[in-house]
Structures are given as structure tokens and as C-alpha cells.
Amino acid sequence: MTTEMAETIGAATVTLEQAEAFLRDFAKMSEFGATPNGGVDRQAASEADIAQRRWFAGLLESHGFRVEYDRIGNQFGLLELMPGAPYVVVGSHMDSQPTAGRYDGAYGVLAGAHAAFRLAEEWRAEAVIPRYNLAVVNWFNEEGSRFVPSMMGSSVYTGVLPVGQALATTDRAGVSVAEALAPTGFLGDGDGPPAAFCAEIHIEQGRLLENAGTTIGLVSASWAASKYVVTVEGAQAHSGATIMDDRQDALYGAALLVVFARELADRFPGALHTAVGQLDVYPNSPVVVASEVKLLLDLRCADEAVLAEANALLHERFAEIERVANVGISQTLSHEWGINPYQPEGVALARAAAERLGYAHGEILTVAGHDSINMKEMVPTVMLFVPSVEGVSHNEGEYTRDDDLVAGLDVLTDVVRRLAHGELAASAGMKVQA
């Protein structure tokens with residue numbers, strides 16, 4: 001326990017004992033899939049992910065929560081205090097990228113659990129029954145590092161992705177989601193608990209909060225995004241003997257596209273982010289010109305007009321690369337969304353919680369995708385950020401200070417309390433569950 005964190009606790013509602021319990025559980029959770037450099041490798045349905053899910057189920061059950069799974073393997077810890085009422089769904093994801101940081105997603109799941117534990121204890125002590133029940137969620141395959149697309153579990157839960165299509169998705173080794181989950185006991189036969197509201201907390205994965213000295217980010221909207229699955233098709237040939245003019249080099253075509261993605265971002269400095277995050281080359285042999293390359297390319301922007309222009313330029317470049325490299329290019333949009341704000345009533349509710357607790361706060365946009373982006377299309381949703389040191393993420397060096405982790409837990413608890421008591425329903429003019 002650092003002196004700085006102890007000072008933070010002194011001004012908050014979370015007790016020192018609760019903070020220490022949370023940090024102990026966070027340290028234990030981080031052991032699953034731990035890497036030598038302080039990160040984790042806990043890809044969806046891997047041995048590390050399975051072991052961590054079993055540990056988390058035990059943690060939930062030890063606090064009186066019932067654990068259930070839906071048809072895509074989303075993990076729910078349920079506390080039903082108002083029979084028949086829908087649930088405030090709070091959580092994030094525990095799966096990771098390869099050699100990733102300990103905080104991305106996992107912090108939000110554990111913070112959601114400890115917020116729920118605090119509220120359950122509070123309600124028992126005060127003999128209070130909230131208007132809505134609680135569901136702590138660990139969404140399946142948010143990262144998409146093993147199974148594409150990302151945000152798979154929440155996409156199925158919200159009806160964006162058919163469950164059959166998700167279960168049939170295979171990894172690079174040809175193992176399907178259904179095959180990976182079948183032996184685990186994590187596949188249920190239902191659609192998960194009905195949601196009334198959702199809350200998620202996450203590390204920022206950028207450095208705006210840290211630069212501004214702000215503890216709590218109130219996420220008001222997400223950047224628009226276009227995510228492509230691209231296949232570049234050429235012809236297999238001898239890499240030494242085949243003359244250059246006769247080559248149909250798929251990897252050359254893909255390389256031109258990778259370079260253009262960066263050049264495209266440079267045309268709109270600060271406004272557009274681009275990346276090619278995955279390349280699969282066939283036959284990937286040292287003396288063979290590649291006949292096929294599959295890649296994932298994404299564009300993200302805070303201005304929909306700029307994103308539309310960037311997409312148009314990208315499609316023009318597809319045609320140019322086909323001609324220059326003598327290849328064929330096919331592409332599909334795996335994900336696409338515009339700048340779609342979170343409900344302003346939810347942002348106001350989160351602001352009230354941060355103000356009551358005395359934490360520095362401010363509105364912020366999210367550049368990264370999160371499960372709450374799916375959830376906000378289904379139910380009113382609150383999204384919170386805590387700072388990331390130097391903005392490092394998807395990296396073993398990812399780090400958020402203990403005092404910021406605990407501050408986020410404190411604000412999240414108050415947000416979930418307000419949601420469970422129907423405050424957002426009342427402010428938004430919704431029919432409140434009796």
C-alpha cells in the first residue's frame with residue numbers, strides 16, 4: 001500500500017481494507033498467463049484464460065454470486081435481490097492480446113466484481129433492496145487475437161453477431177470457438193441475464209488523462225471506425241528464377257498497402273489513426289513468391305467526414321496496387337461504426353459520482369473499441385476511464401497506478417449503486433421497474 005494511495009483512500013468511500021482486498025485479487029488474477037516481463041498472455045479459451053475463468057468463478061461464488069454462462073461463453077456472476085427485475089451489467093473482459101499488459105480489460109472485470117461485492121455488503125447491512133439486480137460480466141473474446149472478430153461475446157449478447165457464426169469461427173490452427181469451449185463447461189444454453197443498464201471501466205490506453213492530471217475519464221463517445229479484412233491474391237513462383245516482370249507477388253501488394261495505411265494517416269495528422277495489425281502469408285517459404293496474403297486493416301477517426309474521405313482514398317489505392325503489383329485484392333468490412341455518443345444522462349450520472357467523491361474528472365472520447373460500444377446500442381451505458389502511465393497499452397509495460405485503480409473502483413461503485421437504484425431511469429424519463 002503506497003502512501004499516495006492511502007491518502008486517496010482517506011478522501012474516498014472505499015475503505016483501506018477494501019482497497020487492499022481488491023489489489024490482492026488483482027495480483028492473483030495477473031498470475032494467470034503471466035509473462036516474464038510482467039505482462040500476460042491470456043488469449044480467449046487458452047489454458048490460461050480457462051484457468052483464470054475458473055478462479056474468477058470461485059471468487060464470485062465466495063461472495064454469494066451465482067455463476068452462469070451464455071451460448072457464446074460470456075461469464076456472468078449474478079446477484080438477484082429483486083426477483084424478476086432486469087440487471088445492471090457491469091464488467092469488461094479478461095482475455096488478452098499475446099504478450100499484453102495486465103490491466104487491459106481485466107481491471108474492469110475485477111473492479112466490476114468488487115463494486116458489486118461492496119454494494120451487496122452495503123445493502124445487506126442496511127436491509128435495502130435495489131430496483132435492479134446485478135450481473136458482473138467477463139465478456140468472451142473481446143480482443144479478437146485468437147478468434148476474429150473482436151468484441152465477439154458482447155456482439156452475440158446484443159444480437160450484432162449470430163451465435164452460430166461466432167461458434168463456427170476458427171483460429172489459425174483451424175480450431176473453432178465451439179471446439180475450444182466445449183471441454184471447459186463454459187457454454188451455456190441461454191442468452192444471458194436481461195440487461196437494464198450497463199457500466200464498464202477501463203484503462204484509457206492513451207495519455208490524455210495523465211497529461212491533464214485527471215483521475216476519471218467520463219467517456220462521451222467513441223471514434224468512428226472502419227475495419228477491413230483484406231486478401232491480396234497473386235501467383236506462387238520461384239523467388240530466384242522467376243523474372244521480375246512475370247511476378248504476381250501478393251506480399252509486394254500487401255507491403256504497398258501497409259505503407260499506404262501509414263501515409264493515409266499522415267494526410268490527416270492527429271485526426272486519423274490507421275494500422276495493419278495482422279498478416280498471414282502463404283506459403284511463407286524462403287524461396288517462394290507469396291501467392292496470398294490476408295491482413296487486417298483499420299481506420300479510426302473522430303471526424304466522420306475525414307473517415308469517409310480516407311475510405312475513398314483507400315479504395316482508390318486498392319485499384320492502383322492491383323495494377324502496380326499485378327495482383328487481385330478483395331476486401332470486406334468486418335466492423336464499421338460512426339461517432340455514436342454514449343447517453344448524455346449516463347455521462348451526467350458518472351460526473352455526479354466523481355464530483356461527490358472528489359476526484360478530478362473530465363469528458364473524453366474512446367479511440368479503442370470496447371464491449372460497452374455494443375451495449376450502449378441496447379441499453380443506457382456508462383463508460384469510465386482511469387489513466388494509463390505514458391499511454392502504454394497492448395504491451396507488457398502497460399501500467400496504471402494503484403491509487404488510480406482504487407479511485408476508479410470507488411467511482412464505479414457509486415455509478416453502479418445509482419444505476420441499481422434507478423437514478424438513470426428516472427433522469428432519462430424511463431419506466432422504472434417496480
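For clarity, every value in this text was computed on a predicted model and none was experimentally measured.
Residue Leu314 holds its CG atom at 6.5 Å from CG of Leu257, rounded to the nearest 0.5 Å. Expressed to the nearest 0.5 Å, how far NE2 of His202 lies from CG of Leu412 amounts to 13.0 Å. Here Asn37 contributes atom CG and Thr99 contributes atom OG1; the two are 9.0 Å apart, rounded to the nearest 0.5 Å. With rounding to the nearest 0.5 Å, the separation of CG in Leu187 from CD1 in Ile72 is 7.0 Å. To the nearest 0.5 Å, atoms CG (Asn74) and CZ (Phe140) are separated by 8.5 Å. One distance of note links CG of Leu424 with OG1 of Thr381; it measures 9.0 Å at 0.5 Å rounding.
Heavy atoms only, all atoms of each residue included: Phe147 and Ala180 are closest at CZ-CB, 4.0 Å. The two residues Gly101 and Val40 make their nearest non-hydrogen contact at O-CG2, 3.3 Å. Here the closest non-hydrogen pair linking Leu209 and Val386 is CD1-C, 3.8 Å. Across all non-hydrogen atoms, the minimal contact from Glu304 to Ala224 is CG-CB, 4.1 Å. Leu78 and Ala135 make their closest contact through CD2-CB, 3.6 Å (heavy atoms, listed as atom of the first residue, atom of the second, distance). The two residues Cys301 and Ala271 come nearest to each other via the heavy atoms SG-O, 3.0 Å.
His421 and Trp123 have perpendicular rings, their planes meeting at more than 60° on a 0 to 90° scale where under 30° would count as parallel.
Sorted pairs that involve residues 369-382 and meet salt bridge (charged side-chain N to carboxylate O under 4.0 Å, His left out), not counting sequence neighbours, are lacking altogether. Evaluation of the salt bridge (charged side-chain N to carboxylate O under 4.0 Å, His left out) test over residues 79-104, restricted to residues two or more places apart or in two chains, returns none. Evaluation of the salt bridge (charged side-chain N to carboxylate O under 4.0 Å, His left out) test over residues 156-183, restricted to residues two or more places apart or in two chains, returns Arg146-Asp171, Arg172-Asp280.
Residues passing the salt bridge (charged side-chain N to carboxylate O under 4.0 Å, His left out) test with Arg207, sequence neighbours excluded: none. In this structure Asp189 satisfies the salt bridge (charged side-chain N to carboxylate O under 4.0 Å, His left out) test with no other residue, sequence neighbours excluded. By the ring-ring contact (aromatic ring centres under 6.0 Å, His included) test, Phe385 pairs with His370, sequence neighbours left out. Here Glu68 pairs with Arg66 under the salt bridge (charged side-chain N to carboxylate O under 4.0 Å, His left out) rule; sequence neighbours left out. Residues meeting the salt bridge (charged side-chain N to carboxylate O under 4.0 Å, His left out) test with Glu31, sequence neighbours left out: Lys28. Residues that satisfy the side chain to side chain donor-acceptor pair (under 3.5 Å) test with Thr35, not counting sequence neighbours, are Glu396.
In this structure the side chain of Val89 never reaches within 4.5 angstrom of the side chain of Phe197, judged on heavy atoms. Within the 4.5 Å cutoff, the side chain of Leu419 has heavy atoms near those of the Leu349 side chain. Looking at Gln43 and Glu143, their side chains never come closer than 4.5 Å, going by heavy atoms from C-beta outward. For the pair Trp337 and Lys227, the minimum side-chain heavy-atom distance is below 4.5 Å. Residues Glu121 and His63 have side chains not in contact (no heavy-atom distance under 4.5 Å, counting atoms from C-beta outward). Residues Ile364 and Thr366 form no side-chain contact, since every pair of their non-hydrogen atoms from C-beta on lies 4.5 Å or further apart. Here the side chains of Phe318 and Phe260 are not in contact, with every heavy-atom distance at 4.5 Å or above. Leu313 has its side chain within reach of Phe268: a pair of non-hydrogen atoms, C-beta onward, lies under 4.5 Å apart.
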Kindly list each side-chain donor-acceptor pair under 3.5 angstrom involving residues 158-167, sequence neighbours excluded, with atom names and distances?
residue: Thr158; atom: OG1; partner: Ser154; partner atom: O; Å: 2.7
residue: Thr158; atom: OG1; partner: Ser155; partner atom: O; Å: 3.4

Listing, residues 292-299 side-chain donor-acceptor contacts under 3.5 Å, not counting sequence neighbours, or none:
residue: Asp298; atom: OD1; partner: Arg300; partner atom: NE; Å: 3.1

For residues 48-60, which side-chain donor-acceptor pairs fall under 3.5 Å, sequence neighbours excluded?
residue: Asp49; atom: OD2; partner: Ala45; partner atom: N; Å: 2.8
residue: Arg53; atom: NH1; partner: Gly73; partner atom: O; Å: 2.8
residue: Arg53; atom: NH2; partner: Gly73; partner atom: O; Å: 2.8
residue: Arg54; atom: NH1; partner: Thr184; partner atom: O; Å: 3.3
residue: Arg54; atom: NH2; partner: Thr184; partner atom: O; Å: 3.2

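For CD of Glu61, the number of neighbouring non-hydrogen atoms (other residues, nucleotides, ligands) closer than 6.0 Å is greater than 12. Within a 6.0 Å sphere centred on CD1 of Ile129, other residues, nucleotides and ligands contribute 12 heavy atoms or fewer. More than 12 heavy-atom neighbours from other residues, nucleotides or ligands sit within 6.0 angstrom of CD on Glu363.
Without hydrogens or angle criteria, Ser145 side chain to Ser96 main chain gives a donor-acceptor distance under 3.5 Å. The backbone N or O of Arg42 lies less than 3.5 Å from no partner atom in the side chain of Ser46, so there is not a single donor-acceptor pair.
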With side-chain contact (heavy atoms from CB on, under 4.5 Å) as the test, would you mind laying out the steps for Gln205 and Val367 before giving the verdict?
CA-CA 9 Å; Gln205 300 177 283; Val367 182; over 6 Å; no
Kindly determine whether Tyr359 and Asp410 satisfy side-chain contact (heavy atoms from CB on, under 4.5 Å), including the steps that lead there.
CA-CA 10 Å; Tyr359 294 111; Asp410 204 24; 3.0 Å; yes
Criterion side chain to side chain donor-acceptor pair (under 3.5 Å) on Ser92 and Glu200, from CA distance to verdict:
CA-CA 6 Å; Ser92 190; Glu200 181 175 3; 2.7 Å; yes
Val14/Arg118 under side-chain contact (heavy atoms from CB on, under 4.5 Å): CA gap, chis, key distance, verdict:
CA-CA 9 Å; Val14 60; Arg118 289 180 65 195; 3.7 Å; yes
Walk me through it: do Val88 and Asn133 pass the test side-chain contact (heavy atoms from CB on, under 4.5 Å)?
CA-CA 6 Å; Val88 177; Asn133 298 308; over 6 Å; no
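A donor-acceptor contact closer than 3.5 angstrom is absent between the side chains of Tyr107 and Asp404.
Using a 4.0 Å cut-off between charged nitrogen and carboxylate oxygen, Arg417 and Glu122 count as a salt-bridge pair.
If you look at Phe26 and His114, their ring centroids are not closer than 6.0 Å.
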